[in-house]
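Sequence positions, counted from 1, serve as the residue numbers for this chain.
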Amino acid sequence: MSLTDRLYAVAKPIWEGYLEQPFVKELGEGTLREDRFRFYMVQDYRYLLQYAKVFAMGVVKTEDEALMTRFSYMVHDTLDGEMNIHKAYMSRLGITEQEVATTKSTLTNQSYTSYMLDEAYKGGPLEILVAVLSCAWSYQMIGEHHQQIPGATEHPLYGEWVRGYCSKEYCETTQEIIDLVNELGKDISAEREAHLKEIFENCSRYEAMFWDMAYEEIPE
């Protein structure tokens, strides 16, 4: 069993709950209120700016040139790949760059990104990758699940989101992180693996909190 298989086993009960969370479920069904999705897009954009910084810490934390290059590509994939989904939606939903810049991140958002950055500062490349993996991997899982819902990929508003997170390009990016975690995680100590499991489980719980936040904390 690979390291990522063992990480997944720890978080599996949490991940199974994502599909029943109102925001995720209604997005797949196409019944999610547009204002909730708009609020989510602003918060998730702010999240991704910090998420990219976690990858950037990987460049700082390694002396291996090939690994530095891979981390730099991951920063690029976030800022110029995944962000493209958000920027397209921002244009359609009338969200300006000024609005994103002046909107405060929620406490859940701040706590989640602060935790990832803290683990990145304290750890090495492997801890950094595990900190971002639950987000990347679970989004793929949700996208692939929603792809099977009749009409979800063609929905006029949410179809692009579903298609984006089950696309070949996104899956390849996620697989690269998975492969790198398994490569760097060979022959690690039981103590270090226990800490990686803790990081992965905590970030998975933060993902659940983020979905709840997106549904429940929308300003009136």
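Ion pair Glu176/Arg70 flagged as a salt bridge, since at least one NZ, NE, NH1 or NH2 atom sits closer than 4.0 Å to an Asp/Glu carboxylate oxygen. Taking 4.0 Å as the cut-off between side-chain N and carboxylate O, Glu127 and Arg192 count as a salt-bridged pair. By the 4.0 Å N-to-carboxylate-O rule, Arg36 lies too far from Glu217 to be salt-bridged with it.
When side chains are defined from C-beta on, Arg92 counts as touching Glu160, because their heavy atoms get closer than 4.5 Å. With a 4.5 Å cut-off on side-chain heavy atoms, Ser114 and Leu117 do not count as touching. Side-chain atoms of Glu201 and Leu7, non-hydrogen and from C-beta on, never get closer than 4.5 Å to each other. Under the 4.5 Å side-chain criterion, counting only non-hydrogen atoms from C-beta, Trp15 is in contact with Ser204. The shortest distance between side-chain heavy atoms of Phe23 and Asp212 does not fall below 4.5 Å. Met141 has its side chain within reach of Tyr18: a pair of non-hydrogen atoms, C-beta onward, lies under 4.5 Å apart. Tyr112 places a side-chain heavy atom less than 4.5 Å from the side chain of Cys203. Counting heavy atoms from C-beta outward, Phe39 and Asp44 have side chains that stay 4.5 Å or more apart.
The backbone N or O of Lys87 lies less than 3.5 Å from no partner atom in the side chain of Ser91, so there is not a single donor-acceptor pair. Of the possible donor and acceptor atoms, none in the side chain of Asn182 sits under 3.5 Å from a partner among the backbone N and O of Ser2. A donor-acceptor pair is defined here as one N or O able to donate and one able to accept, closer than 3.5 Å; such a pair exists between the side chain of Tyr170 and the backbone of Ala136. For Thr78 (side chain) and Met74 (main-chain N/O), a donor-acceptor pair under 3.5 Å exists by modelled atom type.
Residues Ile188 and Leu67 are members of one and the same hydrophobic cluster, defined by side-chain heavy-atom contacts under 4.5 angstrom among Ile, Leu, Val, Met, Phe, Trp and Tyr. Hydrophobic clustering (side-chain heavy atoms under 4.5 Å, transitive across Ile, Leu, Val, Met, Phe, Trp, Tyr) groups Met209 together with Leu19. Residues Tyr47 and Leu93 share a hydrophobic cluster, clusters being chains of Ile/Leu/Val/Met/Phe/Trp/Tyr side chains in contact below 4.5 Å. No continuous path of ILVMFWY side-chain contacts below 4.5 Å connects Val132 to Val60, so the two sit in separate hydrophobic clusters. Cluster membership check: Ile128 shares its hydrophobic cluster with Val59, using side-chain heavy-atom separations under 4.5 Å among Ile, Leu, Val, Met, Phe, Trp and Tyr.
Here the closest heavy-atom approach between residue Ala208 and residue Gln21 is recorded as O-NE2, 2.9 Å. Nearest heavy-atom pair, Leu3 versus Gly185, reported as atom, atom and distance to 0.1 Å: CD2-CA, 3.8 Å. Ala152 and Val162 make their closest contact through O-CG2, 4.1 Å (heavy atoms, listed as atom of the first residue, atom of the second, distance). Contact detail for Gln110 and Ser105: the closest heavy-atom pair is NE2-O, 2.7 Å. Of all heavy-atom pairs spanning Ala11 and Phe200, the tightest one is CB-CE2, 3.6 Å. The two residues Ala56 and Val75 come nearest to each other via the heavy atoms N-CG2, 3.6 Å.
Between Phe37 and Tyr89, the distance separating the two ring centers is shorter than 6.0 angstrom. Aromatic ring centres of Trp211 and Tyr206 lie farther apart than the 6.0 Å criterion allows.
In the displayed structure, Lys61 atom NZ is contacted under 6.0 Å by more than 12 heavy atoms of other residues, nucleotides or ligands. In the displayed structure, Glu172 atom CD is contacted under 6.0 Å by more than 12 heavy atoms of other residues, nucleotides or ligands. The neighbour count for Lys122 NZ, taken as heavy atoms of other residues, nucleotides or ligands under 6.0 Å away, is above 12. The 12-atom threshold is not exceeded at CD of Gln98, counting heavy atoms of other residues, nucleotides or ligands nearer than 6.0 Å.
Not counting sequence neighbours, Tyr215 has no partner by the ring pair (Phe, Tyr, Trp, His ring centres under 6.0 Å) test. Among residues two or more places apart in sequence or in another chain, the ring pair (Phe, Tyr, Trp, His ring centres under 6.0 Å) test is passed with Tyr45 by none.
Expressed to the nearest 0.5 Å, how far CD1 of Ile142 lies from NE2 of His146 amounts to 6.5 Å. Here CD of Glu198 is found 13.0 Å from CD of Glu193. Values are rounded to the nearest 0.5 Å. The line from CE of Met41 to CH2 of Trp161 is 9.5 Å long, rounded to the nearest 0.5 Å. Note: His86 NE2 to Arg46 CZ = 13.0 Å, rounded to the nearest 0.5 Å. To the nearest 0.5 angstrom, Ser138 atom OG is 4.5 Å from Glu207 atom CD. Here the straight-line distance linking atom CD of Glu99 with atom CE of Met90 works out to 8.0 Å at 0.5 Å rounding.
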Exercise for the section: Using the side chain to side chain contact (heavy atoms under 4.5 Å, CB included) rule, take Thr173 and Tyr73 through it: C-alpha gap first, then chi angles, then the decisive distance, then the call. Expected result: CA-CA 10 Å; Thr173 299; Tyr73 283 146; over 6 Å; no
Practice task
For Val10 and Arg6, run side chain to side chain contact (heavy atoms under 4.5 Å, CB included): C-alpha distance rounded to whole Å, both residues' side-chain angles, the deciding distance at 0.1 Å, then the answer.
Solution key: CA-CA 7 Å; Val10 170; Arg6 299 194 295 275; over 6 Å; no
Exercise for the section: I would like to know whether Lys12 and Glu16 meet side chain to side chain contact (heavy atoms under 4.5 Å, CB included); could you show each step before the answer? Expected result: CA-CA 6 Å; Lys12 184 179 178 181; Glu16 289 174 343; 3.0 Å; yes
Handout entry: side chain to side chain contact (heavy atoms under 4.5 Å, CB included) assessment of Tyr8 paired with Thr4
Key = CA-CA 6 Å; Tyr8 174 75; Thr4 53; over 6 Å; no
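Donor-acceptor pairing under 3.5 Å is lacking for the side chains of Glu29 and His155. For the 3.5 Å distance criterion, the side chains of Thr153 and Arg163 fail to qualify, holding no donor opposite an acceptor.
For the pairing with Gln43, the side-chain contact (heavy atoms from CB on, under 4.5 Å) check across Val100, Asn109, Leu48 returns one residue only, Asn109.
Under the 30°/60° scheme for interplanar angles, the aromatic rings of Tyr139 and Tyr165 are found to stand perpendicular.
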